[in-house]
Amino acid sequence: LPEGDARLGYGLLGTGAMALKSGAADRAEPLLEEALALRQAVYLEAPKHPEIVTAADWLVSCYLVRARAGENRGVREMKARQLCDAFGFDYDARVEKAKQFPYTPD
């Protein structure tokens, strides 16, 4: 698919989510960031489109998993809070949700 094609969002999100679920948050993060950016570009007129909200939710979890592991904790917590504020997610609930994902940095 050509760069920027909306259909790429499905593959990016699916692969990123599976990487996060399997304990590879470091590999998931760039995929989820790209999925969110692509969906925001595609649904420019609908900034809270369900596809965007779903991508943001996964990315928040990824940021919090990596923050928990001590990887640029402050920056990733800030990014997670910004997304929570933007999409109306409860930050503390997302911190708890992120605990379900395993992660051991290499």
Side-chain angles (χ1 to χ4, degrees):
L1 297 173
E3 186 175 326
D5 189 303
R7 294 171 291 174
L8 287 171
Y10 296 104
L12 290 165
L13 185 67
T15 304
M18 291 309 297
L20 181 60
K21 287 180 179 182
S22 69
D26 53 340
R27 284 181 278 169
E29 187 175 308
L31 297 170
L32 295 172
E33 287 176 334
E34 188 175 350
L36 177 59
L38 178 62
R39 288 182 170 182
Q40 286 175 319
V42 169
Y43 300 109
L44 195 57
E45 300 300 319
K48 299 250 177 136
H49 189 283
E51 298 283 340
I52 296 172
V53 173
T54 298
D57 191 19
W58 279 103
L59 186 53
V60 166
S61 291
C62 189
Y63 284 150
L64 292 172
V65 166
R66 295 192 75 192
R68 183 182 72 225
E71 296 180 334
N72 292 322
R73 183 180 191 134
V75 171
R76 286 197 169 86
E77 286 177 345
M78 178 195 66
K79 288 180 176 183
R81 282 187 189 276
Q82 288 173 336
L83 287 173
C84 286
D85 290 345
F87 292 97
F89 301 148
D90 180 291
Y91 179 81
D92 293 328
R94 290 310 190 272
V95 169
E96 288 303 311
K97 179 182 175 184
K99 290 179 182 177
Q100 71 179 309
F101 300 112
Y103 181 53
T104 306
D106 292 333

Are side-chain heavy atoms of [X] and [Y] found at a separation under 4.5 Å?
{"X": "L36", "Y": "W58", "result": "no"}
{"X": "V95", "Y": "R68", "result": "no"}
{"X": "C84", "Y": "V60", "result": "yes"}

Of all heavy-atom pairs between [X] and [Y], which one has the smallest distance, and what is that distance?
{"X": "V65", "Y": "A25", "result": "CG1-CB, 3.8 Å"}
{"X": "P102", "Y": "S22", "result": "CG-C, 4.5 Å"}
{"X": "L32", "Y": "C62", "result": "CD1-CB, 3.8 Å"}
{"X": "Y103", "Y": "G23", "result": "CD1-O, 3.2 Å"}
{"X": "A35", "Y": "G9", "result": "CB-O, 4.2 Å"}

Partner set under salt bridge (charged side-chain N to carboxylate O under 4.0 Å, His left out) for E29, not counting sequence neighbours:
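Per chain and number, E29 pairs via salt bridge (charged side-chain N to carboxylate O under 4.0 Å, His left out) with R66, R76.
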Report yes or no: does Q100 contribute a side-chain atom to a donor-acceptor pair with the main-chain N or O of K97 at less than 3.5 Å?
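Present.
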May I ask you to decide if A93's main-chain N or O and D90's side chain share a donor-acceptor pair within less than 3.5 Å?
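Present.
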At what distance, to the nearest 0.5 angstrom, does [atom1] of [X] lie from [atom2] of [Y]?
{"X": "F87", "Y": "T54", "atom1": "CZ", "atom2": "OG1", "result": "10.0 Å"}
{"X": "L8", "Y": "E34", "atom1": "CG", "atom2": "CD", "result": "7.5 Å"}
{"X": "L20", "Y": "L64", "atom1": "CG", "atom2": "CG", "result": "10.0 Å"}
{"X": "E96", "Y": "K99", "atom1": "CD", "atom2": "NZ", "result": "3.5 Å"}
{"X": "R39", "Y": "I52", "atom1": "CZ", "atom2": "CD1", "result": "9.0 Å"}
{"X": "R94", "Y": "L83", "atom1": "CZ", "atom2": "CG", "result": "10.5 Å"}

Test: ring-ring contact (aromatic ring centres under 6.0 Å, His included). Region: residues 27-56. Which pairs qualify, not counting sequence neighbours?
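Residue pairs passing ring-ring contact (aromatic ring centres under 6.0 Å, His included), neighbours aside: Y43-H49.
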According to the ring-ring contact (aromatic ring centres under 6.0 Å, His included) rule, which pairs have a member within residues 62-83, sequence neighbours left out?
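Those involving residues 62-83 do not exist here.
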same_hphob_cluster(Y91, L59) at 4.5 Å side-chain heavy-atom cutoff
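Cluster IDs for Y91 and L59 match.
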side-chain contact (heavy atoms from CB on, under 4.5 Å) assessment of F89 paired with V53
CA-CA 10 Å; F89 301 148; V53 173; 3.9 Å; yes
